[in-house]
Amino acid sequence: MNIIINNQNFILHQSGAVFWEEKKILLISDVHLGKVTHFRKHGIGIPKDAIFQNFNRLKTVLELFDSGTIVFLGDLFHSKINNEWELFTEWIKEHSQKIILVEGNHDIISKKNYEEVNIEIYNELIIDDFLLTHHPTEKEGLLNFCGHIHPAIQLRGLGRQSLNLPCFFLKPNQLIFPAFGEFTGNSFLIPTENDKVYAITKEKVIEVALN
């Protein structure tokens, strides 16, 4: 789905990624690499193949969009380094895009590790009229792109049935990204009349009527 914010064009993809057309920037939040391995190490029964799902999703969006830069909006890696870090560094070697990490609360790995694979790290990043952060942040005159919350919405039908979907949550001065990664969980948000919600289905992103 294409949307326009501050006269700039953005494509919302069902993976949870956003492509900024004018800048050729791919924006992704909350991948949480290493989480599957972390859970398996602590005895939680997650299939080992789930480790590769995040990399498959990254492969899909990189093949779809002609990006020169990838910006991760925090929580790129879930916790301490594990075997998935090696998979990630191999993945980096296969791609030529500039990679930037805007730090999140889960990004506890030493900055030296990121520097060794040429990833730039920032607490926040300002590009034109946009403020890129992990946690939702307000700064006058800037529209905030952020993650952290893992937004979702619950849709209810006439027969009391309900459907829970991750979403992009657009406020007047903020776009909250859904989690890109697998097994990340969701937080259900209640929109106001000034908000817009773009729900993610398996096939596409759809705008939700809020009336």
Side-chain angles (χ1 to χ4, degrees), residues 1-5 10-20 26-36 38-39 42 44-47 50 53-54 56-58 60-61 71-79 101-108 124 130-139 142-211:
M1 169 172 279
N2 294 64
I3 64 172
I4 298 175
I5 307 175
F10 299 91
I11 300 175
L12 311 184
H13 188 257
Q14 60 263 32
S15 64
V18 173
F19 183 60
W20 187 347
L26 188 64
L27 298 152
I28 298 172
S29 188
D30 296 273
V31 183
H32 288 272
L33 293 172
K35 188 170 187 177
V36 172
H38 178 78
F39 278 7
H42 289 82
I44 299 175
I46 298 175
Q53 292 180 20
N54 287 327
N56 290 337
R57 296 177 100 182
L58 287 168
T60 296
V61 294
V71 178
F72 291 103
L73 298 176
D75 288 1
L76 172 56
F77 210 84
H78 180 71
S79 185
L101 171 62
V102 179
E103 285 184 295
N105 52 293
H106 278 275
D107 294 309
I108 62 173
E124 63 179 37
F130 297 87
L131 171 66
L132 280 55
T133 62
H134 177 63
H135 292 85
T137 306
E138 293 187 13
K139 188 169 289 190
L142 298 173
L143 192 137
N144 180 217
F145 284 166
C146 60
H148 182 61
I149 293 177
H150 306 182
I153 190 166
Q154 187 174 73
L155 305 179
R156 295 187 178 276
L158 297 176
R160 293 187 178 181
Q161 71 272 34
S162 64
L163 180 64
N164 301 328
L165 295 173
C167 67
F168 296 93
F169 201 92
L170 179 62
K171 295 174 172 288
N173 63 347
Q174 192 172 73
L175 177 62
I176 306 173
F177 283 52
F180 186 90
E182 295 287 328
F183 304 104
T184 50
N186 294 309
S187 297
F188 294 98
L189 303 183
I190 300 175
T192 67
E193 61 180 355
N194 295 319
D195 299 331
K196 291 184 178 180
V197 175
Y198 302 96
I200 296 174
T201 71
K202 291 182 179 180
E203 293 80 23
K204 59 184 177 180
V205 178
I206 56 172
E207 184 171 358
V208 176
L210 300 179
N211 50 16

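One-based numbering along the sequence shown. Since this is a predicted model, take the numbers as computed values, not measurements.
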Are any of the side-chain heavy atoms of [X] and [Y] separated by less than 4.5 Å?
X: Phe177; Y: Leu175; value: yes
X: Leu189; Y: Asp195; value: no
X: Trp20; Y: Val71; value: no
X: Val208; Y: Leu165; value: no
X: Ile5; Y: Phe145; value: yes
X: Leu76; Y: Val31; value: yes
X: Asp30; Y: Phe180; value: no

Atom [atom1] of [X] and atom [atom2] of [Y]: how far apart are they, to the nearest 0.5 Å?
X: Leu143; Y: Leu131; atom1: CG; atom2: CG; answer: 9.0 Å
X: Asn2; Y: Leu12; atom1: CG; atom2: CG; answer: 8.0 Å
X: Thr192; Y: Lys171; atom1: OG1; atom2: NZ; answer: 6.0 Å
X: Phe72; Y: Ile28; atom1: CZ; atom2: CD1; answer: 5.0 Å
X: Asn173; Y: Asn194; atom1: CG; atom2: CG; answer: 10.5 Å
X: His134; Y: Ile149; atom1: NE2; atom2: CD1; answer: 9.5 Å

Minimal non-hydrogen separation, [X] against [Y], with atom names:
X: Glu124; Y: Val102; value: CA-CG1, 4.0 Å
X: Asn186; Y: Ala152; value: CB-CB, 3.5 Å
X: Val205; Y: His13; value: CG2-C, 3.6 Å
X: Ser29; Y: Gly147; value: OG-CA, 3.3 Å

Working note: Ile3 + Tyr198, criterion side chain to side chain contact (heavy atoms under 4.5 Å, CB included); need CA distance, chi angles, decisive distance, verdict. CA-CA 10 Å; Ile3 64 172; Tyr198 302 96; 3.8 Å; yes
Does the [X] side chain pair with the main chain of [Y], one donor and one acceptor, at a distance under 3.5 Å?
X: Asn144; Y: Thr137; value: yes
X: Thr201; Y: Lys204; value: yes
X: His150; Y: Pro178; value: no
X: Ser15; Y: Arg57; value: no
X: Gln14; Y: Glu203; value: yes

Can you list the steps and then say if Phe168 with Phe10 is a ring pair (Phe, Tyr, Trp, His ring centres under 6.0 Å)? CA-CA 12 Å; Phe168 296 93; Phe10 299 91; over 10 Å; no
Among Val18, Ile11, Leu26, which one satisfies side chain to side chain contact (heavy atoms under 4.5 Å, CB included) with Val61?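 Result for side chain to side chain contact (heavy atoms under 4.5 Å, CB included) with Val61: Leu26.
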List the steps and the verdict of side chain to side chain contact (heavy atoms under 4.5 Å, CB included) for Asp75 and Asn105. CA-CA 7 Å; Asp75 288 1; Asn105 52 293; 3.5 Å; yes
List for me each residue that meets salt bridge (Lys or Arg N to Asp or Glu O under 4.0 Å) alongside Glu138, sequence neighbours excluded, and say none if there are none.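 Checked Glu138 against salt bridge (Lys or Arg N to Asp or Glu O under 4.0 Å); zero matches.
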